Amino acid sequence: MTKPLPPTSRTAEGRRSRRICRAWEVPAAPRSIRKVTRSDIPTLVVSAGFDAQTGASNGAYAARTLSRSTSVTVPYVAHVAFAESPCAQAITASFFDSPTAPNTGCLAGLQPPEFEIGP
């Protein structure tokens, strides 16, 4: 089973990217690039809850064929969870110490950011 093309492939940005690739004569990627990866290597999949580029659900999708994976969604952060979130950093560090059972306890204490809507 292959994942459908991401929504961005049907956007102006996606069309622009294809035009650039054609202009630079970038060859098409081999069809094998869309094959499902299967592995039993411990893998940490980190998604960001406010990620507008790579939806949080993609993490679980990527992890589905990685039998020893831990999929984590860090809420309230955008695309680069590891850079924005001390919790994501702590989870990643704990993964190196315990690849099959990283400590995700910090997720429970995360709070949504405060938003202020002006007059």
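Just so we're clear, the structure is a prediction, and the values are computed from it rather than from any experiment.
Between the side chain of Thr65 and the main chain of Thr37, a donor-acceptor pair closer than 3.5 Å is present. The closest donor-acceptor contact from the side chain of Arg68 to the backbone of Asp40 lies under 3.5 Å.
Linking Ile, Leu, Val, Met, Phe, Trp and Tyr residues whenever their side-chain heavy atoms come within less than 4.5 Å places Ile91 and Phe50 in a single cluster. Linking Ile, Leu, Val, Met, Phe, Trp and Tyr whenever their side-chain heavy atoms come within less than 4.5 Å puts Val46 and Phe96 in one cluster. Under the 4.5 Å side-chain heavy-atom criterion for grouping Ile, Leu, Val, Met, Phe, Trp and Tyr, Leu110 is not connected to Val45 through any hydrophobic cluster.
Using a 4.5 Å heavy-atom threshold, the side chains of Arg38 and Leu66 count as separate. For the pair Thr70/Thr43, no side-chain contact is recorded, criterion being any heavy-atom separation below 4.5 Å from C-beta on. Residues Leu107 and Cys87 have side chains in contact (heavy-atom distance under 4.5 Å, counting atoms from C-beta outward).
Applying the 6.0 Å contact sphere to CD1 of Ile20 captures more than 12 heavy atoms from other residues, nucleotides or ligands.
Scanning both residues, Ala48 and Ala81, for their nearest heavy atoms gives CB-CB, 4.0 Å. Minimum interatomic distance between Val77 and Val74 (heavy atoms only, all atoms of both residues): CG2-O, 3.4 Å. Here the closest non-hydrogen pair linking Phe82 and Gln89 is O-NE2, 2.8 Å.
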